[in-house]
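Just so you know, these numbers use all the heavy atoms, side chains as well, and skip hydrogens, waters and symmetry mates.
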Amino acid sequence: MAQVSDKVMVELRNVDKFYGANKVVKNLNLQIREGEFLTMLGPSGCGKTTTLRMIAGFEAVTSGAVIIEGEDVGNKAPYQRNVNTVFQNYALFPHMNIYDNIAFGLTEKKVKKEEIRQRVGEMLSLVQMDGYEKRMPSQLSGGQKQRVAIARALVNRPKVLLLDEPLGALDLKLRKQMQVELKHLQRQLGITFVYVTHDQEESLTMSDRIAVMNSGILEQIGPPDKIYNQPATKFVADFIGESNIFEASVGSVDGDNLNVIFETGSAEVSAAGFSHDEMVYISVRPEKLKCSAAVVPGFNIRGTVKEHIYVGSIIKTIIELPNGQELKMSLLAGTPLISPGEVVWVYWEKDSTVVLHTHEETLYNLIEQVPKIEVSV
Ligand SMILES: Nc1ncnc2c1ncn2[C@@H]1O[C@H](COP(=O)(O)OP(=O)(O)O)[C@@H](O)[C@H]1O
Ligand SMILES: [Mg+2]
């Protein structure tokens, strides 16, 4: 099994991309290491495909640089870069059989027939499609087409494989199976994968690191557990997994212990680097939220149990606050439940929340920096 090395394979340096007046990628800086499985995650339209196409060379950067193995590839055509792309729609040639589809890149490069036969054969076994050489793409299922598309990209032995929502067209069960297969293949071959998806669960299960993008901006990059447990921004906290998010102001500060005040109550959290009166977001995962029939010291959040939703082995309890905000609390099935309509007091362990600075803070700082204008009457 190959390991991630320290060597930087692909680097994006201060990359901006405009389409007309529309800036779709904003000062992107990213280093992807050799052998790494890096996922670019974000909602539709956030710039993932554009970024991938700039690495592949199908799209030019407006400013900044794309560097592959230490070399600025700005002037290189896609086929001159040591990367291959797998697209969401497979893009197989419909009039060619599977063998010719996989062999295509090698035939173009005038590789000897015997070597082509050997390499195509290897690829077919690798993606478990032995015996399908003579079939036409129309005779394959979605999952099989996707395997062929991957084999066709890998047969060129690229150092980097770019994958743009490669499993997006498959049904859930097949997608889960292909996730495992792809991850296994990546480890086995030690090829650097740059994988694009809008599916946060997929990114958490497959990646060495996740780069979360929002409106052309890289919000956070890190390993899955870090992204999940220590989201750096409200967007990341909201987009990855489920979160209960409170807008709050910091009431009192005692070392790392903060008392925070929001519309529907007050609570205690533990976090460093915040000051009195600062506006913050408090993010609490459903599995960290607790409730009690009696008031818990340090907390003053009164809610009403609205309903219980059974999700397999987990029960999700919805608690409604007086301002209409609905909190999600997950419990293991079998835990005694409080009946809908009952009043409960919500609380959590002090260190089980994430406290985030708000944009308001940035705004206040900006306003303070604006020179005062003298007004003469
Ligand atoms: N060829 C293009 N011309 C103009 N705008 C484009 C083009 N391709 C993408 N865009 C715009 O750039 C933004 C990012 O698109 P894209 O990279 O495809 O996002 P994603 O893959 O994350 O869904 C979107 O607002 C999209 O409409
Ligand atoms: Mg896309």
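Atom CG of D225 has more than 12 heavy atoms from other residues, nucleotides or ligands within 6.0 Å. Within a 6.0 Å radius of CZ in R302, other residues, nucleotides and ligands contribute 12 heavy atoms or fewer. Atom CD of E201 has 12 or fewer heavy atoms from other residues, nucleotides or ligands within 6.0 Å. No more than 12 heavy atoms of other residues, nucleotides or ligands sit less than 6.0 Å from atom OH of Y79. Remark: K7 NZ is packed, more than 12 non-hydrogen atoms of other residues, nucleotides or ligands lying under 6.0 Å away. Counting non-hydrogen atoms of other residues, nucleotides and ligands closer than 6.0 Å to CD of E307 gives a total above 12.
Cluster annotation: I319 and I282 are assigned to the same hydrophobic cluster (Ile/Leu/Val/Met/Phe/Trp/Tyr, side-chain heavy-atom contacts under 4.5 Å, transitive). By the criterion of side-chain heavy atoms lying less than 4.5 angstrom apart, applied directly or through intervening Ile, Leu, Val, Met, Phe, Trp or Tyr residues, I32 is grouped together with M40 in one hydrophobic cluster. Taken together through direct or relayed side-chain contacts under 4.5 Å among Ile, Leu, Val, Met, Phe, Trp and Tyr, M206 and L163 form part of one hydrophobic cluster. Cluster membership for I210 and V4, using ILVMFWY side-chain heavy atoms within less than 4.5 angstrom, is not shared. In the hydrophobic clustering of ILVMFWY residues, with side-chain heavy atoms under 4.5 Å counting as a link, L126 and L92 come out together.
Between the side chain of Q220 and the backbone N or O of Q230, at least one donor-acceptor pair lies under 3.5 Å. Using modelled atom types, no side-chain atom of D254 and backbone atom of N257 make a donor-acceptor pair closer than 3.5 Å. Side chain of T335 to main chain of L332: a donor-acceptor pair is present (N/O by atom type, distance under 3.5 Å, no hydrogens or angles). No side-chain donor-acceptor contact under 3.5 Å links S292 to the backbone of W345. Panel note: side chain R81, backbone I55; a donor-acceptor pair is recorded below 3.5 Å. A donor-acceptor pair under 3.5 Å is formed between the side chain of S125 and the backbone N or O of G121. In this structure, K48 contributes its side chain and P43 its backbone to a donor-acceptor pair below 3.5 Å. Remark: side-chain polar atoms of N97 are paired, donor with acceptor, to backbone N or O of D100 under 3.5 angstrom. Under the 3.5 Å distance criterion, the side-chain polar atoms of E342 are left unmatched by any main-chain donor or acceptor of P340.
A 4.5 Å side-chain heavy-atom check between R175 and D199 finds at least one atom pair inside the cut-off. Using a 4.5 Å heavy-atom threshold, the side chains of V83 and I68 count as touching. Side-chain contact between L258 and E268 is absent, with no heavy atoms from C-beta onward closer than 4.5 Å. V212 has its side chain within reach of I240: a pair of non-hydrogen atoms, C-beta onward, lies under 4.5 Å apart. F104 places none of its side-chain heavy atoms less than 4.5 Å from the side chain of I102. Residues L52 and F58 are not in side-chain contact: their nearest non-hydrogen atoms beyond the backbone lie 4.5 Å or more apart. Counting only heavy atoms from C-beta outward, the side chains of E242 and S330 never approach each other to under 4.5 Å. In this structure the side chain of I98 never reaches within 4.5 angstrom of the side chain of E133, judged on heavy atoms.
Between the side chains of Y281 and E247, not a single donor N or O lies within less than 3.5 Å of an accepting N or O. No side-chain N or O of T39 forms a donor-acceptor pair with one of S203 less than 3.5 Å apart. Between the side chains of T197 and E202, at least one donor N or O sits under 3.5 Å from an acceptor N or O. Side-chain contact annotation: H308 with T317, donor-acceptor N/O pair under 3.5 Å present. For N27 and D16, the side-chain atoms include no donor-acceptor pair closer than 3.5 Å. In this model, a donor atom of one side chain and an acceptor atom of the other lie less than 3.5 Å apart for D164 and T49. Residues E114 and Q118 have side chains that never bring a donor and an acceptor to within less than 3.5 angstrom of each other. When only modelled atom types and interatomic distance are considered, R33 and T192 share no side-chain donor-acceptor pair under 3.5 Å.
The two residues S283 and A237 come nearest to each other via the heavy atoms OG-CB, 3.7 Å. Of all heavy-atom pairs between A151 and V127, the closest is CB-CG2, 4.0 Å. Smallest separation of non-hydrogen atoms from Q325 and N323: N-OD1, 3.0 Å. The shortest heavy-atom contact between S275 and V253 is C-CG2, 4.0 Å. Of all heavy-atom pairs spanning N101 and P137, the tightest one is ND2-CG, 3.8 Å. Contact between Q179 and T205 at its shortest, heavy atoms only, is OE1-OG1, 3.7 Å.
In this structure, K134 forms no cation-pi arrangement with Y132, as its terminal cationic atom is not both closer than 6.0 Å to the ring centre and no more than 45° off the ring axis. In this structure, R135 fails the cation-pi test against Y99, since its NZ or CZ atom is not both closer than 6.0 Å to the six-membered ring centre and inside 45 degrees of the ring normal.
Each of I221, V236, L41 was evaluated against I227; a single residue qualifies, V236, per the side chain to side chain contact (heavy atoms under 4.5 Å, CB included) test. Of the residues listed (R209, K159, R187), the one engaging E36 in a salt bridge (Lys or Arg N to Asp or Glu O under 4.0 Å) is R209, and it is the only one.
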Evaluate the criterion side chain to side chain contact (heavy atoms under 4.5 Å, CB included) for residue pair L161 and V86; output intermediate values, then yes/no.
CA-CA 8 Å; L161 193 63; V86 177; 4.1 Å; yes
Between L28 and T51, is a side chain to side chain contact (heavy atoms under 4.5 Å, CB included) present by the stated rule, with each step listed?
CA-CA 9 Å; L28 184 56; T51 304; 3.6 Å; yes
The test is side chain to side chain contact (heavy atoms under 4.5 Å, CB included); show your working for W348 and V269 and say whether it passes.
CA-CA 9 Å; W348 50 74; V269 296; 3.7 Å; yes
Report the C-alpha distance between E278 and S249 in whole Å, list the side-chain angles of each, state the deciding distance to 0.1 Å, and finish with yes or no for side chain to side chain contact (heavy atoms under 4.5 Å, CB included).
CA-CA 5 Å; E278 186 181 340; S249 70; over 6 Å; no
E349 and K288: salt bridge (Lys or Arg N to Asp or Glu O under 4.0 Å), yes or no, with the steps?
CA-CA 8 Å; E349 301 300 329; K288 304 284 189 189; over 6 Å; no
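Ring geometry for F299 versus Y347: interplanar angle over 60°, hence perpendicular rather than tilted (30 to 60°).
Rounding to the nearest 0.5 Å places CG of D130 at 12.0 Å from CE of M123.
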